[in-house]
Amino acid sequence: MRNAQLSTIFDQMADVMEILGEDRFRINSYRKVARTVAELPTDVGVLLENGRLAETPGIGKSSLAKIEEFVESGTMAAHTELLKRVPASLPELLRIPGMGPKGVKVIYENLGVQSIADLKRALADGSVAKLPGFGQKKAATIQRGIEFLEASTGRIRLDQALEAAALVVARLREVPGVEKVEIAGSVRRRAETIGDVDILVTTGKHTEESNQQHKRIIQAFTVAPFVDRVLAAGETKGSAIVRTDAVAVQVDVRVVPAESFGAALQYFTGSKQHNVRLREMALKAKMKLNEYGLFKGDALVAGATEESIYKKLGLDYVPALLREDRGEVEAAGKHALPQLVRLEDIKGDFHVHTLASDGRASLEEMVNAAQALGYKFLCITDHSESSVVANGQTPKRLAQQIEQIHALNARTKGFTVLAGAEVDILADGSLDFEDELLADLDLVIASIHSGLTSPRGKVTYRTLKAMDSPYVTILGHPTGRMLGQREAMDLDIPAMIEHAAQTGTALELNGNPYRLDLKDVHCRMAIEKGIKLTLGTDAHSTAGLGLMHFGVATAARGWATKQNVANALPLTKLKSWLKTKRPK
DNA sequence: GCCGTTTTCGGCCCGACTGTTTTCAGTCG
C-alpha cells in the first residue's frame, strides 16, 4: 500500500518544517495527515477514486491535492522542495532524546552539524556546550540521548512492559502514604508494543505535607535497585530507565492527590490523540481538561473518576482499550460503543501444541490445564509433517492422535477436546495433508511457516489458495510477524480479508505476545466484513494457555464483541459452526 | 493546514521538568 509511504512523506515534511521553525499548527496538521493516512484500512488510491478520502477528517483540500499528485506521479513537489531546504540527514537528529527542532536548528546554523556523527564530534570538542542556550549539562543530556538511541532496540513487547511495570508497582505499593498504584499509558491500553511505561500513584487528599510526601514517593522509585538511570525527578513526576532481565525501558511515575485520580488516570492513559479530542470537546463546552480534573472556570466539575469526566463531556465511558482516536469519541457520543469481548467470555483455546510436535506438555496435561482455567473446550493443533524443525506429525501419527483424542473425550465429562492440526501452507499454496485426513479433523488451522519473505504476489496467492480448501477452518497467524524480530509478510491484507469473507474462513488472532497476529486494526476490518475471529495462544506448555488475555485485549482493540469471537460460542453452536465450510 | 450546534476567520490541548536563565524556552508526553 502507498499509505505507509505517504505517511512517511508527510512526517518528513513536518520534521523539516519544524527545523525551519514554520507555523506549528500547520506542522500539526501535516502530522495528523501522516497518522490518518497510516491508519487507513484501504489503499489511498482506492479511496481517492471513490471519493472517500475527501471525507476523511484531518485531510483537507491541500493535503488531498498533494496525495493525488503522489498517487498519479509517484512524487510530491512540496515534499521534494522541502527536502532541498535542509541537509537530508538533519531530521535524524530529532530522534535523539533531548534534541528538538530548535536545538537542531541552532547546532546546524552555528556549527554546521548535519548528522549524528557530526554532532558526536561537536560534543567531543566542547563546541556544543558553548552555544547560546546550551551548556555543560545540556550537552551531557544530548550525549546520553545519543548513547540511548544507539543502544535502544526501540519499542518493547507488551509482555516485557508488563513485567517491568510489575516491578515498579510492587516497589511503590510498599511506600508509606501510597493509596493506589495503577498502570496507565499504552500498557493499560494494551498496545502491541510499548515505548515507555506509565505508572500513576495516588496518596490521600491534598494537604500541607503532600508535596514532601510526593517527593518521597518519587525518590523511593528512583533509588530502587532495578533503576538503571534517573532521567528526571520532581515533586510529582519521576522518570527513569528500568532494567529487567530481558529489557531496559523508560518508566514514568506520576503522583497525584486522590481527588484528581480519575483525571490523572484518564490523562496518563492516553492516547495522546484521544486526549486531544477530549480537551477540544471540553473547550467547546467552555471547560478545561487537564490531569487534575475537568474545570469550569476554577470550579472542579469532575476528576475523581474517569467515568465522571466522560459523562460531563457528554460521552459514554470509553474503555482504555479503545482510546486511540479511531472513532471511539464519536461512537461514545452516540452511545454506539461496542460491548467488548472479555476474558470471561472465552470458553476455550483454538491453537495449542503438545509433545506430539514441539510442545512441552502431553495432551492430558494440556487438557487438565485448560479445565483448570474453566474452559469448555480445547483444540489440539500440532504441526504438520513439513514443519520438520517443529517435529511435525506424519499422517500416521496424526491419525493416532485423533484416536487418542476420541478416547480422551469418551472418558471426559463437561469438556470437549477438538482434534485439529496446524497444517503448513506449502510453497504452491497446497496443504501439507491430504483431504481425506483433514476430513477426519474437527478443524484445521492453515499457516505459512516458510518463504515469509517472498514477494507480495506469492505470499498473497498462497494465503488465498489455502483458504479455498473447504477443510481450512482458520487462517493461522495471517501475517507471520514476530514483534521486534521479524517483519510481517508483505501480504495484501484487504485481499486476504475479502477472500476470508467469501470463503467463510475464520481468521486467527494469535495471542502470543510475540505475534498478536492479526493486529488490532486488521481485526476490525475483518469484523466489519462479518468474519469470525478465533483466539489461540499457540501454547507450547501449560503456562502458555495463560496468554489468552493478550489475544482478548487485542481483539477488543479491534472493537470485537463476543459475537465476533468463535471462542465465546457455546459448544453446540461451536460444533455446528465448525461444519459450515465443510462439504455437505 | 484544518475546521465550524457560537465561527468561512481565527482559533488550534495542557502541564511538568530541566537548564540556562535573571523570567523563560525547549522538550517531552
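All heavy atoms count here, side chains included; hydrogens, waters and symmetry mates do not. Reminder, nothing fancy here: chain letters follow the sequence lines and each chain counts from 1.
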May I have the distance from [X] (atom [atom1]) to [N] (atom [atom2]), rounded to whole angstrom?
X	N	atom1	atom2	answer
A:Phe268	B:dG15	CZ	C1'	12 Å
A:Ile241	B:dC28	CD1	P	13 Å
A:Ile218	B:dC17	CD1	P	8 Å
A:Lys61	B:dG1	NZ	P	13 Å
A:Leu283	B:dC3	CG	C1'	14 Å
A:Glu291	B:dC14	CD	C1'	7 Å
A:Gln273	B:dC13	CD	C1'	12 Å
A:Arg31	B:dC13	CZ	C1'	17 Å

Hey, does the side chain of [X] come within less than 4.0 Å of [N]'s phosphate (OP1/OP2), counting only N and O?
X	N	result
A:Ser239	B:dC17	no
A:Ser62	B:dG1	yes
A:Arg26	B:dG1	yes
A:Tyr267	B:dA16	no
A:Lys272	B:dC14	no
A:Asn275	B:dC13	no

Compute whether any side-chain donor of one residue and acceptor of the other, for [X] and [Y], lie under 3.5 angstrom apart.
X	Y	result
A:Ser271	A:Arg323	no
A:Tyr310	A:Gln266	yes
A:Gln250	A:Ser239	yes
A:Gln12	A:His79	yes

Return the nearest nucleotide to the side chain of [X]; candidates are [options].
X	options	answer
A:Thr236	B:dT27, B:dC17, B:dC2	B:dC17
A:Lys102	B:dG29, B:dT27, B:dG15	B:dT27
A:Asp252	B:dG1, B:dG29, B:dG15	B:dG29
A:Pro101	B:dT27, B:dC13, B:dC17	B:dT27
A:Glu280	B:dC13, B:dC2, B:dA16	B:dC13

- Message: Whether A:Lys102 and A:Glu18 form a salt bridge (side-chain N of Lys/Arg under 4.0 Å from carboxylate O of Asp/Glu) is what I want to check.
- Response: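 The answer is no: the pair does not qualify as a salt bridge.
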
- Message: What I want to find out is whether A:Glu192 reaches A:Arg481 closely enough, with some N-O distance under 4.0 Å, to be called a salt bridge.
- Response: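 Yes.
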
Using the [atom1] atom on both, measure [N] against [M] and round to a whole Å.
N	M	atom1	value
B:dA25	B:dT21	C1'	9 Å
B:dT20	B:dT27	C1'	14 Å
B:dA16	B:dG11	C1'	25 Å
B:dG10	B:dG15	C1'	24 Å
B:dC17	B:dC13	P	22 Å
B:dT8	B:dC2	C1'	12 Å

- Query: Side chains of A:Pro91 and A:Val16: closer than 4.5 Å at any heavy-atom pair?
  - Reply: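 Counting from C-beta outward, A:Pro91 and A:Val16 do come under 4.5 Å.
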
- Task: Taking syn as within 90° of 0 and anti otherwise, name the glycosidic form of B:dT6.
- Result: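 You should classify B:dT6 as anti.
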
I'd like a list of close polar pairs between nucleotides 18-21 of chain B and the protein, N/O only, cut-off under 3.5 Å.
unit_1 : atom_1 : unit_2   : atom_2 : d
B:dT18 : OP1    : A:Ala233 : N      : 2.9
B:dT20 : OP1    : A:Gly135 : N      : 3.0
B:dT20 : OP1    : A:Gly135 : O      : 3.3
B:dT20 : OP1    : A:Gln136 : N      : 3.4
B:dT20 : OP1    : A:Lys137 : N      : 3.4
B:dT20 : OP1    : A:Lys138 : N      : 3.2

Checking all strands, does [X] fall into the base, sugar-phosphate, or nothing category for heavy-atom contacts under 4.0 angstrom?
X	result
A:Ile96	sugar-phosphate
A:Gly270	nothing
A:Arg277	nothing
A:Lys32	nothing
A:Leu278	nothing
A:Asp23	base

- Shortest non-hydrogen contact from A:Arg188 to A:Leu321?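 The answer is O-CD2, 4.2 Å.
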
- Item | Minimum-distance pair of heavy atoms, taken over all atoms of A:Leu535 and A:Ala555 |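 Between these two residues, the closest heavy atoms are CD2-CB, 4.3 Å.
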
- Select from A:Tyr30 and A:Pro97 the residue whose nearest nucleotide in DNA chain B is closer to the 5' end of that strand.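 Going by which nucleotide is closer to the 5' end, it is A:Tyr30.
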
- Message: Taking the nucleotide of DNA chain B with the nearest heavy atom to each, does A:Gln250 or A:Gly58 sit closer to the 5' end?
- Response: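 Checking each residue's closest nucleotide, the 5'-ward one belongs to A:Gly58.
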
- Lys NZ or Arg CZ of A:Lys180 over A:Phe261 ring: under 6.0 Å, within 45°: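 Yes.
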
- Query: Which one is paired to B:dC14, where only Watson-Crick or G-U wobble pairs with both distances under 3.5 angstrom count?
  - Reply: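 In the structure as shown, B:dC14 has B:dG29 as its Watson-Crick or wobble partner.
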
Under 3.5 Å between N/O atoms: give me all the protein pairs with nucleotides 5-10 of chain B, atom names plus distance.
unit_1 : atom_1 : unit_2   : atom_2 : d
B:dT6  : O4     : A:Lys286 : NZ     : 2.8

- Query: Among A:Thr42, A:Ile493, A:Leu518, which one satisfies side chain to side chain contact (heavy atoms under 4.5 Å, CB included) with A:Met525?
  - Reply: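 It is A:Ile493, the one option of A:Thr42, A:Ile493, A:Leu518 that forms the side chain to side chain contact (heavy atoms under 4.5 Å, CB included) with A:Met525.
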
- Task: Kindly determine whether A:Asp316 and A:His335 satisfy side chain to side chain donor-acceptor pair (under 3.5 Å), including the steps that lead there.
- Result: CA-CA 6 Å; A:Asp316 287 346; A:His335 310 294; 2.9 Å; yes

- Message: Could you go through A:Asp15 and A:Arg31, starting from their C-alpha distance and side-chain angles, then the distance that decides it, and tell me whether this counts as salt bridge (charged side-chain N to carboxylate O under 4.0 Å, His left out)?
- Response: CA-CA 9 Å; A:Asp15 284 345; A:Arg31 296 261 183 234; 2.8 Å; yes

